[in-house]
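Take a look at the structure set out below.
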Amino acid sequence: MDKKNMKVAVYFRTATVPIEQKVWLYASSKSSEQAEWRDLSVEAMKHTAQQNGLVIAGVSTDSSRQLPPMERPGVQEMLVAVREGRAGAVMMPSLHHLGRDFDAILPVLAEFQKQKVRIHAKDASALSLPLSPKPSTRRKGGDAR
C-alpha cells in the first residue's frame with residue numbers, strides 16, 4: 001500500500017442538546033455593594049440547572065438596577081443569546097431581578113414570548129395567568145348552548 005496516496009478522513013461527532021435544555025442565567029443586584037449576594041444567586045442557579053439536566057448556555061449579570069431593564073448590559077447580553085438561538089430558557093432568582101415595575105419589564109417578557117423562551121424563576125408561575133382577558137364564549141341574550 002502506497003502511504004503517499006493514502007487519505008485520512010476524520011469525523012467528529014458532537015452531541016447536540018435540544019434548545020429547551022439550554023438555559024441562560026441572569027441575576028442583578030440593586031447596587032455594586034450587593035454583588036456578593038448576586039454572585040451567590042448565580043452559583044445556586046448553576047447548581048439547580050445542573051440538577052435538572054439543563055445545559056448552561058451563558059451567564060450575565062448587572063450590578064445596578066438604575067437603568068430600565070432593556071438598557072442594562074446583562075439583560076441585553078441575555079436577549080442576544082435568546083435571539084441567536086443559543087438559549088431556549090432563561091433562569092433568574094426572581095422576576096424582580098429584571099425590575100419591580102411591570103411596565104418596565106414587559107418589553108423583556110414580550111421578547112421572551114416572541115422567542116418562545118421558557119422562564120425559570122421562583123415567581124414566574126404568575127406568568128401563566130392570562131395577561132389580557134379572554135374573549136367571552138357566552139352568547140348574548142343568555143343562550144347557554
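Only this structure's heavy atoms are used, side chains among them; waters, hydrogens and symmetry mates stay out. For the single chain, residues carry numbers from 1 onward in sequence order.
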(request) Could you grab the distance from atom OG1 of Thr61 to atom CE of Met92, nearest 0.5 Å is fine? (result) 13.0 Å
(request) For residues Lys30 and Trp37, determine if any side-chain heavy atom of one lies less than 4.5 Å from a side-chain heavy atom of the other. (result) no
(request) Say whether, by atom type as modelled, one donor and one acceptor occur between the side chain of Ser60 and the main chain of Gly74 under 3.5 angstrom. (result) yes
(message) Using a 6.0 Å cut-off, check whether atom CD of Glu84 has over 12 heavy atoms from anything other than its own residue.
(response) yes
(request) Check whether Leu106 and Val82 end up in the same hydrophobic cluster, where Ile, Leu, Val, Met, Phe, Trp and Tyr are linked by side-chain heavy atoms less than 4.5 Å apart. (result) yes
(request) Hey, could you give me the CD/CD distance between Glu111 and Gln113, rounded to the nearest 0.5 Å? (result) 10.5 Å
(message) Could you check whether any side-chain N or O of His97 sits under 3.5 Å from a backbone N or O of Ala27, counting only pairs where one atom can act as donor and the other as acceptor?
(response) no
(request) Determine whether Lys46 and Val59 make a side-chain contact, defined as any pair of heavy atoms from C-beta on separated by less than 4.5 Å. (result) yes
(message) Please give me the minimum heavy-atom distance between Pro69 and Ala104, naming the atom from each residue.
(response) CG-O, 3.6 Å
(request) Working to the nearest 0.5 Å, report the span between CG of Asp101 and NE2 of His96. (result) 10.5 Å
(request) Can you see which heavy atom on Asp62 is nearest to which on Val75, and at what distance? (result) OD2-N, 3.4 Å
(message) Would the distance check show the side chain of Arg118 and the main-chain N or O of Glu20 forming a donor-acceptor pair, the cut-off being under 3.5 Å?
(response) yes
(message) Please determine whether residues Met70 and Met78 belong to a single hydrophobic cluster, defined as Ile, Leu, Val, Met, Phe, Trp and Tyr linked transitively by side-chain heavy-atom distances below 4.5 Å.
(response) yes
(request) Heavy atoms only: give me the nearest Pro93-Ser41 pair and the separation to one decimal. (result) CG-CB, 3.7 Å
(message) Pair Arg86, Lys22 - check side-chain contact (heavy atoms from CB on, under 4.5 Å), show working.
(response) CA-CA 7 Å; Arg86 292 186 278 141; Lys22 294 180 182 178; over 6 Å; no
(request) Would you give the length of the straight line joining atom CD of Gln76 to atom CZ of Arg83, rounded to the nearest 0.5 angstrom? (result) 6.0 Å
(message) Treating Arg65 as the side-chain partner and Gly99 as the backbone partner, does any N or O pair qualify as donor plus acceptor under 3.5 Å?
(response) no
(message) In this structure, would Phe112 and Phe102 fall into the same cluster of hydrophobic residues linked by side-chain contacts under 4.5 Å?
(response) yes
(request) Kindly indicate whether the side chain of Ile56, heavy atoms from C-beta on, has any atom under 4.5 Å from the side chain of Leu54. (result) no
(message) Counting only heavy atoms from other residues, nucleotides and ligands, does the tally under 6.0 Å from CD of Gln51 exceed 12?
(response) yes
(request) Verify the cluster assignment for Leu25 and Val117: are they in a single hydrophobic cluster under the rule of side-chain heavy atoms below 4.5 Å apart? (result) no
(request) Give the cluster check for Trp24 versus Val80: same hydrophobic cluster or not, with ILVMFWY residues linked at side-chain heavy-atom distances below 4.5 Å. (result) no
(message) Any non-hydrogen side-chain atom of Leu95 less than 4.5 Å from a side-chain atom of Ile119?
(response) yes
(message) So which atom in Arg72 and which in Leu98 form the shortest heavy-atom distance, rounded to 0.1 Å?
(response) NH2-O, 2.8 Å
(message) I need the minimum non-hydrogen distance between Ala49 and Val23, along with the two atoms involved.
(response) CB-CG1, 4.1 Å
